[in-house]
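Okay, so here's the structure we're looking at.
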Amino acid sequence: QVQLVESGGGLVQAGDDLRLSCAASGRTFSNYVAGWFRQAPGGKERSFVASISRFGTYVDYADSVKGRFTISRDNAKNTVYLQMNSLKPEDTALYYCAAASALSRFDRNYNYWGQGTQVTVSS
């Protein structure tokens, strides 16, 4: 019902900035909460990064990224963004965007997932 495609990942150095995009198609995008999760190399599960309500009124961030990352959305463009500033090596992970019916920090509450985009931070 909703298809999500991430883009914008790449190899950067510590301290650099990167902007991830998640393009949505299918049903009306504004019907869904959007979130970003990440899976570190060798990690077994996806960790919560950030989420945003349907119209951008509310946002939530993991403590590890608060103050550095910004989640936003443009429903007219069916796109969710994750602006990542001051990247650290520990931010290295496969980043996924996801859609849910309500705000949540739990990946099990998200019904739709992209395939992920790799972010690698050197040093």
Side-chain angles (χ1 to χ4, degrees):
Q1 295 181 2
V2 176
Q3 295 79 46
L4 304 172
V5 180
E6 303 95 335
S7 63
L11 175 63
V12 298
Q13 290 187 311
D16 284 353
D17 304 334
L18 201 60
R19 187 195 196 192
L20 305 183
S21 297
C22 176
S25 62
R27 298 177 64 127
T28 303
F29 185 51
S30 60
N31 287 345
Y32 300 92
V33 163
W36 287 94
F37 290 78
R38 64 188 183 185
Q39 186 171 20
K44 294 184 177 181
E45 60 184 17
R46 290 176 288 208
S47 299
F48 171 77
V49 176
S51 62
I52 186 168
S53 61
R54 291 187 295 161
F55 299 103
T57 303
Y58 304 99
V59 295
D60 189 23
Y61 298 97
D63 289 341
S64 59
V65 306
K66 192 172 185 178
R68 298 189 297 121
F69 291 11
T70 302
I71 187 172
S72 62
R73 68 190 296 163
D74 187 338
N75 290 337
K77 296 181 179 180
N78 292 337
T79 304
V80 178
Y81 305 97
L82 184 68
Q83 178 67 46
M84 304 184 294
N85 295 336
S86 302
L87 283 162
K88 304 175 181 180
E90 50 263 45
D91 294 319
T92 295
L94 186 63
Y95 283 73
Y96 298 89
C97 67
S101 59
L103 286 169
S104 177
R105 285 173 166 252
F106 300 101
D107 57 357
R108 63 178 178 269
N109 294 131
Y110 287 77
N111 299 316
Y112 306 101
W113 294 83
Q115 293 185 326
T117 185
Q118 179 67 39
V119 174
T120 302
V121 185
S122 65
S123 295

Legend entry - Distance (rounded to the nearest 0.5 Å) between Gln115 CD and Tyr96 OH: 9.0 Å
Inset, instruction - Give a yes or no on whether Tyr95 and Val2 share a hydrophobic cluster (residues Ile, Leu, Val, Met, Phe, Trp, Tyr; joining criterion: side-chain heavy atoms under 4.5 Å apart). - result: no
Legend entry - Inter-residue atom distance Asn31.CG - Phe29.CZ, 0.5 Å rounding: 10.5 Å
Legend entry - Ser53 side-chain N/O to Tyr58 backbone N/O, donor-acceptor pair under 3.5 Å: yes
Legend entry - Leu4-Trp113 co-clustered via ILVMFWY side chain contacts under 4.5 Å: no
Legend entry - Check: Arg105 side chain, Tyr61 main-chain N or O, donor-acceptor pair, under 3.5 Å: yes
Inset, instruction - Please answer whether the main-chain N or O of Thr70 pairs with a side-chain N or O of Gln83 as donor and acceptor at a distance below 3.5 Å. - result: no
Inset, instruction - Answer whether the closest heavy-atom distance between the side chains of Gln39 and Lys44 falls below 4.5 Å. - result: no
Legend entry - Distance-minimising heavy-atom pair for Ala98 and Tyr110: CB-CD2, 3.5 Å
Inset, instruction - Just say parallel, tilted or perpendicular for the rings of Phe48 and Phe37, cut-offs at 30° and 60°. - result: perpendicular
Legend entry - Any donor-acceptor N/O pair, Arg54 side chain to Ser101 backbone, under 3.5 Å: no
Legend entry - Residue pair Ile71 / Val80, side-chain heavy-atom distance below 4.5 Å: yes
Legend entry - Side-chain touch Met84/Val119, heavy atoms, less than 4.5 angstrom: yes
Inset, instruction - Would you give the length of the straight line joining atom CG of Leu20 to atom CG of Leu18, rounded to the nearest 0.5 angstrom? - result: 5.5 Å
Legend entry - Gap separating the CZ atom of Arg73 from the CG atom of Leu82, nearest 0.5 angstrom: 13.5 Å
Legend entry - Heavy-atom check, side chain of Ser7 versus side chain of Thr117, under 4.5 Å: no
Inset, instruction - Can you label the angle between the Tyr32 ring and the Tyr112 ring as parallel, tilted or perpendicular, going by 30° and 60°? - result: perpendicular
Inset, instruction - Go through the steps for Asn109 and Ser104 under the test side chain to side chain donor-acceptor pair (under 3.5 Å), then give the verdict. - result: CA-CA 7 Å; Asn109 294 131; Ser104 177; 2.7 Å; yes
Legend entry - Any donor-acceptor pair under 3.5 Å from Asn111 side chain to Ala99 backbone: no
Legend entry - Short side-chain to backbone donor-acceptor contact, Thr92 and Val121, under 3.5 Å: yes
Inset, instruction - To the nearest 0.5 Å, tell me how far Ser123 OG sits from Leu87 CG. - result: 12.0 Å
Inset, instruction - Could you tell me whether Phe55 atom CZ has more than 12 heavy atoms of other residues or ligands within 6.0 Å of it? - result: yes
Inset, instruction - Mind checking the CD-OG spacing from Gln13 to Ser122? Nearest 0.5 Å is all I need. - result: 4.5 Å
Legend entry - Considering all heavy atoms, the nearest Leu94-Gly116 contact: CD1-C, 3.9 Å
